Amino acid sequence: LPEEFDWRERGAVTPVKNQGSCGSCWSFSATGALEGANFLATGKLVSLSEQQLVDCDHECDPEEAGSCDSGCNGGLMNSAFEYTLKTGGLMREEDYPYTGKDGATCKLDKSKIVASVSNFSVISIDEEQIAANLVKNGPLAVAINAAYMQTYIGGVSCPYICMRRLNHGVLLVGYGSAGYAPARFKEKPYWIIKNSWGETWGEDGFYKICRGRNVCGVDSLVSTVTATVS
Amino acid sequence: DGNEGDDLVIKQVVDGGAEPNVLSSEDHFSLFKKKFGKVYASREEHDYRFSVFKSNLRRARRHQKLDPSARHGVTQFSDLTRSEFKRKHLGVKGGFKLPKDANKAPILPTEN
């Protein structure tokens, strides 16, 4: 594995988006992973529609009663991949633009689908495996506990204590080896995470969180997706 | 000057009489409103948001102590309570456990 890796430098990551006042982070995490997988499959980076997921995806987790994708009221990335697999794929962002509001009828036009899922799976809680899947398959959909993100401005986040109850969907796009941790007087490796709160949040919309001990549950629910080559 | 015999290790380079410029909570809130274009519908709403903002400033200080390698402070969410932030900007459901029916990714080689 390379010591450092960043899919942004390789053209697999679209510009930072903004979910607005809508609990649709799960849809941004899912589209981000499929955008990367589609880039690897086709060589083209296409921004995909979160609003299609918000309006049309009501997939449920079969093991969790009442846990269904429900627009601004939340969802799960794996269920979004399941929906995308079943329905045939996602439309372009520009063909089905984001409004940040739910309750609208589904306006899917299947003739305009541009990216399809061929397979998706979850990765074991093992940072080497997460890094390997990131490098091999593209950006990964991950869930995280966002408690420290409300006040985050920059640097490598490495809280001494952070709950591992997952409540936010983001996109793992790379990792670095030399984020400096002043309190510990050593270089700390970190994950690079794309968020969906606009470019004014964090480091131009991105978050760095230290690697090594499943901080804030970042290693707990990591999904990889592969795209169909049409 | 004139004391060359003394062992002057530290040279004063700032005005010794100057007070440090510490911003008050009101100053921080004004800058926050300006930076993020925040406008509140009524005086009551403004005052309530200011109280939430002050609470979040204290929280940012706590986070800074618990997370010293990051920088914590005022963000666009500084006028939201924790539950408002969770409701409006998060949204992973049932994500605290792995779906039982999920496909497991094959183990990849990571040596060399």
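Quantities reported herein were computed from a predicted structural model and do not represent experimental measurements. Reminder, nothing fancy here: chain letters follow the sequence lines and each chain counts from 1.
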Mind checking the [atom1]-[atom2] spacing from [X] to [Y]? Nearest 0.5 Å is all I need.
X         : Y         : atom1 : atom2 : result
Gln129(A) : Lys104(B) : CD    : NZ    : 14.0 Å
Ile130(A) : Thr110(B) : CD1   : OG1   : 12.0 Å
Cys72(A)  : Lys88(B)  : SG    : NZ    : 12.0 Å
Ile153(A) : His63(B)  : CD1   : NE2   : 12.5 Å
Leu134(A) : Leu108(B) : CG    : CG    : 11.0 Å
Trp201(A) : Thr75(B)  : CH2   : OG1   : 9.0 Å

As an exercise: rank [options] by heavy-atom pairs under 4.5 Å with chain B and give me the winner.
options                                    : answer
Ala131(A), Cys25(A), Ser24(A)              : Cys25(A)
Gly217(A), Gly155(A), Ser196(A), Ser157(A) : Ser157(A)
Ser27(A), Ala147(A), Gly202(A)             : Ala147(A)

Could you please spell out the steps behind the ring pair (Phe, Tyr, Trp, His ring centres under 6.0 Å) verdict for Trp197(A) and Phe85(B)?
CA-CA 12 Å; Trp197(A) 295 342; Phe85(B) 172 69; 5.3 Å; yes

Are side-chain heavy atoms of His89(B) and Met149(A) found at a separation under 4.5 Å?
no

Side-chain touch Thr151(A)/Gln64(B), heavy atoms, less than 4.5 angstrom
no

Going by atom types alone, do Ser70(A) and Lys93(B) pair a side-chain donor with an acceptor below 3.5 Å?
yes

Specify the closest pair of heavy atoms between Trp26(A) and Gly91(B), including all atoms of both residues, with the distance to one decimal.
CD1-O, 3.4 Å

Considering non-hydrogen atoms only, spot the tightest contact between Gln150(A) and Arg59(B) and give its length.
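Heavy atoms of Gln150(A) and Arg59(B) come nearest at OE1-NH1, 2.8 Å.
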
[X] [atom1]: over 12 foreign heavy atoms closer than 6.0 Å:
X         : atom1 : result
Asp204(A) : CG    : no
Lys38(B)  : NZ    : yes
Lys86(B)  : NZ    : no

Just so I understand: if I count every heavy-atom pair under 4.5 Å between each of Pro109(B), Ala105(B), Ala60(B) and chain A, which residue has the most?
Ala105(B)

Measuring heavy-atom distances to chain B, does [X] have an atom under 4.5 Å in its side chain, in its backbone, in both, or in neither?
X         : value
Lys208(A) : neither
Asn119(A) : side chain
Cys68(A)  : backbone
Gln19(A)  : side chain

Using non-hydrogen atoms only, which part of Lys35(B) is less than 4.5 Å away from chain A: side chain, backbone, both, or neither?
neither

Cut-off 4.5 Å, heavy atoms of chain A, and the answer for Leu57(B) is neither

With a 3.5 Å distance limit and no angle check, can you tell me whether Asp67(B) reaches the backbone of Cys158(A) through a side-chain donor-acceptor pair?
yes

